[in-house]
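Scroll down for the structure; my scribbles are underneath it.
We name chains A, B, ... by the order of the sequence lines, and we start the count at 1 in each one. Since we're looking at a predicted model, the values are computed, not measured.
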Amino acid sequence: MYPPRFSLIVPSTLDEALEILSKYGENAKVLAGGHSLIPLMKLRLASPKYIVYIGKLQGLSYIREEAGRIHIGALTTHATIESSDLLAKRNPLLSETASRIGDLQVRNMGTIGGSLAHADPAADYPAAMMALNAEIVAKSIRGERVIKASDFFKGPFTTALRSDELLVEVRIPALNGFFGTAYEKLVFRAMDFAIVGVAAMLEIDKTGTIVKAGVGLTGVGSTAVRAKGVEEELIGKPASIDTIVKASARASENLNPPSDIRASSEYRRAMAVVMTRRALSRALEAAKARMKGQG
Amino acid sequence: MEALEKVRITVKVNGKIYTHDIDPRLLLVHYIRDYLGLTGTHVGCDTSNCGACTVILNGKAVKSCTLYAFMADGGEILTVEGLEKDGKLHPIQEAFWENHALQCGFCTPGMIMTLYDFLSRNPRPTEEEVRRAIEGNLCRCTGYQNIVKAALWAAERMRGGGGDE
Ligand SMILES: Cc1cc2nc3c(=O)[nH]c(=O)nc-3n(C[C@H](O)[C@H](O)[C@H](O)COP(=O)(O)OP(=O)(O)OC[C@H]3O[C@@H](n4cnc5c(N)ncnc54)[C@H](O)[C@@H]3O)c2cc1C
Ligand code: FES
Ligand code: FES
């Protein structure tokens, strides 16, 4: 399976890359880690005339804290996110999510920018993006804009990015207080895409009340979604398993997941509830452990 | 900024420097096998699923069927041929030999290169961690049992122990 021919452009600076994108636009495809684009090209599902390889650009691979948020460069690999000490402390939801992507080799090459721009409806990161209210930063020669995760994913393999824009950064909160997070991914084989994936974040206060909740689901529709009903049911309630069981039941609200060779729509709806319960239970345990440790 | 139909790459493979003019669509695995004649790196699935094409690029295990060769430009590659030193097998190779971790051997170079990366990051792995590390490498013969054993044996050898004999 040989990919189709293309002409190669290798910019050496970000500005150069943006110039090229504004010039070649629709005829060009950005190439980062290649772990979505190259398989697509082999299958002739993509045959771009020009490839703009951004893998050599400096300064797009970083994880740092800035004003209460964690900024992650687009070229940061899944492996780097998985093993980041900063994320382990301040937002373990993203590192756990990264650790569940594909396999060791895929995580060594694939980038967060590539995964989000590709927008596979069963990809793992989008669940965390929804749960965390993440922001995605896009740049073009026209300037920079910050897109909310909820406005970013438009449909299967479709995002709010314009053809002259480069995704340059992802911003997520640096979590505080007695928080807990978990990502639960249902798969039947090693290194598979999620049948259902649920990312959960909870924060409790000293009185044992849930004060913050974020729940994102992937694999259950044309894009990842935020489980608003579940979040509503959690906030202000006692941090107990009862609360979680009751809230999780609302995870399948408004879901109309696809039926495919791996699972029926009905099964996915049922599993959305189960995986939400598991993710929230684990997040709650982590939050309580944090309270015990600090309080 | 020019759009290139041919691209010049320079890579260091198993310690030797090579320069070639290549087609941008040339896959790294074909570069390694056809241009350099290093056929220890295999093509199994060609769809990034089996791991037979795994090599070390700049210290990390990657599936060379899912990279363009130009992406390795300026980089350093280690293939299974580069593991042995002064006629002595690398401890991971020795471990596969000693523990009967291969039958047909098709998956073996990929398994070894994945473990090379994994064990360099995790010198004291549990069995469970070894199993997770080779998730992306398929073996149709051994049932993985002896591969896992070999990995643990190699880890101990590389830490300076005697291996679990
Ligand atoms: C065997 C295998 C298993 C996998 N399993 C999983 C899994 O379990 N879960 C999961 O979530 N993913 C999985 N993936 C996908 C993987 O995470 C990819 O790495 C990721 O989707 C794409 O990242 P990339 O850097 O390789 O992007 P590329 O393949 O280089 O690019 C992907 C797309 O994004 C665009 N793009 C890339 N970077 C940018 C940017 N900065 N700005 C704008 N556009 C950009 C490209 O033009 C292209 O359209 C798997 C992949 C493989 C090969
Ligand atoms: S040949 Fe590359 S993963 Fe199978
Ligand atoms: S030994 Fe035959 S495929 Fe692994």
Side-chain angles (χ1 to χ4, degrees), chain A residues 1-13 15-21 23-24 27-28 31-43 47-56 77-80 82-83 99-110 187 189-192, chain B residues 1-9 22-30 43 45-75 110 113-118 121-122 129-138 144:
Chain A
M1 274 195 312
Y2 240 72
R5 281 182 199 287
F6 57 85
S7 303
L8 175 66
I9 309 175
V10 187
S12 42
T13 64
D15 286 343
E16 234 173 58
L18 300 180
E19 284 288 335
I20 292 159
L21 286 182
K23 187 165 153 206
Y24 292 96
N27 286 323
L31 176 72
H35 272 48
S36 292
L37 186 55
I38 296 175
L40 282 183
M41 289 179 72
K42 287 185 176 184
L43 294 168
S47 308
K49 193 156 184 290
Y50 299 99
I51 289 240
V52 183
Y53 179 49
I54 60 170
K56 288 272 146 73
T77 62
H78 311 331
T80 304
E82 174 184 7
S83 60
S99 78
R100 300 300 310 276
I101 296 175
D103 54 51
L104 180 142
Q105 296 96 311
V106 169
R107 295 193 293 275
N108 277 341
M109 281 308 299
V187 283
R189 303 180 311 177
M191 69 174 236
D192 233 346
Chain B
M1 177 105 297
E2 223 187 326
L4 307 166
E5 309 299 326
K6 281 272 177 201
V7 54
R8 169 157 301 182
I9 65 165
I22 56 164
D23 197 323
R25 69 168 173 166
L26 181 70
L27 295 169
L28 182 60
V29 70
H30 294 309
V43 182
C45 63
D46 197 15
T47 55
S48 66
N49 286 292
C50 76
C53 63
T54 303
V55 300
I56 304 292
L57 172 61
N58 300 326
K60 303 219 161 94
V62 299
K63 290 177 170 174
S64 61
C65 73
T66 307
L67 289 187
Y68 290 119
F70 71 76
M71 294 165 81
D73 181 32
M113 299 324 282
T114 300
L115 287 169
Y116 180 93
D117 175 0
F118 171 66
R121 286 191 251 177
N122 187 347
E129 287 167 345
V130 170
R131 288 186 185 275
R132 273 214 65 202
I134 55 170
E135 253 177 2
N137 292 77
L138 301 182
Y144 302 98

Non-hydrogen atoms of chain B under 4.5 Å away: do they reach the side chain of [X], the backbone, both or neither?
X      : value
A/A32  : backbone
A/R107 : side chain
A/L31  : side chain

Worksheet entry | Portion of B/V62 that has a non-hydrogen atom of chain A nearer than 4.5 angstrom | both
Discussion item. Taking side chain as everything from C-beta outward and backbone as N, CA, C, O, which of these in B/D117 sits under 4.5 Å from a heavy atom of chain A? Side chain, backbone, both or neither.
Written reply: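 Just its side chain gets close to chain A.
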Against chain A, work out which of [options] has the most heavy-atom pairs shorter than 4.5 Å and name it.
options                   : result
B/H30, B/E5, B/E2, B/M113 : B/H30
B/T47, B/L26, B/L57       : B/L26
B/P24, B/G74, B/G51       : B/P24

Response to the item:
Scored by heavy-atom pairs under 4.5 Å with chain B, the best of A/S12, A/P3, A/G102 is A/P3
Item to complete: Using the side chain to side chain donor-acceptor pair (under 3.5 Å) rule, take A/Q105 and B/N137 through it: C-alpha gap first, then chi angles, then the decisive distance, then the call.
Response: CA-CA 9 Å; A/Q105 296 96 311; B/N137 292 77; 2.9 Å; yes
Does a side-chain heavy-atom distance below 4.5 Å link [X] with [Y]?
X      : Y      : value
A/M109 : B/M71  : yes
A/Y53  : B/D73  : no
B/R132 : A/L104 : no

Discussion item. On a heavy-atom basis, which atom in B/C65 and which in A/K42 lie closest, and how many Å separate them?
Written reply: O-NZ, 2.7 Å
Worksheet item: What is the minimum heavy-atom distance between A/I38 and B/L67, and which atoms define it?
Response: CD1-CA, 3.8 Å
Fill in: side chain to side chain contact (heavy atoms under 4.5 Å, CB included) assessment of A/K56 paired with B/F70
CA-CA 11 Å; A/K56 288 272 146 73; B/F70 71 76; over 6 Å; no
Worksheet item: To the nearest 0.5 Å, what is the distance between CG (A/N108) and OG1 (B/T114)?
Response: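 The distance works out to 9.0 Å.
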Fill in: Point-to-point distance, once rounded to the nearest 0.5 Å, from CE of A/M41 to OG1 of B/T66
12.5 Å
Fill in: Atom CZ of B/R8 with >12 non-hydrogen neighbours under 6.0 angstrom
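Incorrect, the count does not exceed 12.
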Practice prompt. Sequence neighbours left out, what pairs pass salt bridge (Lys or Arg N to Asp or Glu O under 4.0 Å) with at least one residue falling in residues 54-68 of chain B?
Written response: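 Salt bridge (Lys or Arg N to Asp or Glu O under 4.0 Å) check on residues 54-68 of chain B returns A/D103-B/K63.
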Worksheet item: Hey, which residues of residues 4-11 of chain A are touching chain B, say heavy atoms under 4.5 Å apart?
Response: A/P4, A/R5, A/F6, A/S7, A/L8, A/I9, A/V10, A/P11
